[in-house]
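Comments concern the structure below.
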Amino acid sequence: MRDLRPHLVGARVGRVDLLRPSVLRFPDPDSFRLGVVGRRVTSVRRRGKFIHVGLSGGEDLVVHLGMTGTLTLQDPDQPLQPHTHLRLGLEEGRELRYRDPRRFGRVLLGRPEQLQSVGALPRLGPEPLAANFAASGVAAVLLRSTRAVKTALLDQAVVAGCGNIYADEACYRARIRPDRRANTLSRAQLGRLLEALPAVMREAVRRRGASFSDYRDGFGAKGEAYESLLVYGRGGLPCLRCGSSLRQSRIGGRTTVYCSRCQR
DNA sequence: CCCCTATCCTGAGGGC
DNA sequence: TGCCCTCAGGATAGGG
């Protein structure tokens with residue numbers, strides 16, 4: 001989003017090519033084309049894992065990248081990579097391309113309130129990167145939850161934007177076992193967790209993303225956050241704090257890595 | 001309200 | 001070398 005913003009804001013959409021209509025969840029392809037062509041980009045924002053490209057006329061082009069989605073700016077004559085599902089030609093010359101091999105992502109168009117009311121956008125919890133995150137009420141929500149801490153962190157209605165990697169990293173930094181029931185956390189542990197989560201996410205953005213499989217920035221380049229992860233992808237390897245073997249398990253159907261000695 | 005599991009989907013990696 | 005199997009996971013639906 002941060003890469004795309006300076007190039008997109010002010011640009012006008014000339015041509016729309018929806019190569020795989022099924023990635024568009026709302027509205028229908030004809031309405032989509034009608035609502036996008038000729039519009040100017042007024043803003044590029046983010047809410048949770050959703051990228052909102054604001055268009056003149058008041059509607060947002062909303063993109064969720066799923067697991068393997070990429071949104072990149074390219075020259076229109078660049079060869080088309082496989083699994084490119086949407087091309088938006090910009091009158092300024094370049095082209096915005098949405099690509100997603102596994103197709104867990106999706107594209108929407110509409111006003112946020114409208115998309116929410118038709119069920120195309122879910123209710124989202126507070127933003128870890130917002131200044132008021134610690135005071136957002138997330139602590140109270142966690143203390144009422146009987147679920148595993150990690151499961152709660154992955155619930156987008158509890159915390160917006162946290163994915164599997166950062167849930168594990170945050171629990172490790174806060175020295176909390178990810179399968180610990182959220183409502184049994186001490187105040188001190190909760191405080192550490194609510195500090196650790198924004199910290200790991202900021203760090204990952206600073207390193208331009210964890211490109212362990214498919215993540216790419218706005219120009220198709222990889223990030224290097226993967227190299228600085230302390231637990232994710234390190235199951236069986238020594239804990240960097242105490243040296244004991246990191247345990248790999250499944251919590252809520254997700255691969256989970258933690259240190260059973262450091263995390264209690 | 002919560003949990004678990006299946007589903008969607010492709011590509012990488014291991015075993016043979 | 002090629003084939004088959006398993007695994008990875010964000011969100012959601014369905015059953016318990």
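The analysis underlying the following values was restricted to heavy atoms, covering all of them including side chains, and did not include hydrogens, waters or symmetry mates. Throughout, a chain's letter reflects where its sequence line sits, starting with A, and its residues are numbered from 1.
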Nearest whole Å is fine: how far is [N] [atom2] from [X] [atom1]?
X: A:F50; N: C:dA11; atom1: CZ; atom2: C1'; answer: 9 Å
X: A:R147; N: B:dC4; atom1: CZ; atom2: P; answer: 10 Å
X: A:Y166; N: C:dG10; atom1: OH; atom2: C1'; answer: 14 Å
X: A:R250; N: B:dA6; atom1: CZ; atom2: C1'; answer: 13 Å
X: A:F104; N: B:dT10; atom1: CZ; atom2: C1'; answer: 9 Å
X: A:R20; N: B:dC8; atom1: CZ; atom2: P; answer: 14 Å
X: A:Y232; N: C:dA8; atom1: OH; atom2: P; answer: 8 Å
X: A:L65; N: B:dC9; atom1: CG; atom2: P; answer: 18 Å

Residues, nucleotides or ligands: over 12 heavy atoms within 6.0 Å of [X] [atom1]:
X: A:R33; atom1: CZ; result: yes
X: A:R5; atom1: CZ; result: yes
X: A:Q116; atom1: CD; result: yes

Check your understanding: For the side chain of A:R102, counting heavy atoms from C-beta on, which of C:dA11, C:dA8, B:dC3 is nearest?
Key -> C:dA8
Exercise for review: Using the closest heavy atom to pick a nucleotide of DNA chain B for each, name whichever of A:T146 or A:R254 lands nearer the 5' end.
Suggested key: A:T146
So, OP1 or OP2 of [N]: does either fall under 4.0 Å of a side-chain N or O from [X]?
X: A:Q156; N: C:dA11; answer: yes
X: A:T255; N: C:dG9; answer: yes
X: A:H83; N: B:dC9; answer: no
X: A:R106; N: C:dT12; answer: yes
X: A:H64; N: C:dA11; answer: yes

Check your understanding: Taking NZ, NE, NH1 and NH2 as the nitrogens, is one of them in A:R173 or A:E169 under 4.0 Å from a carboxylate oxygen of the other?
Key -> no
Practice item. Answer yes or no: is there an ion pair linking A:R97 with A:E95, defined by an N-O contact shorter than 4.0 Å? Key: yes
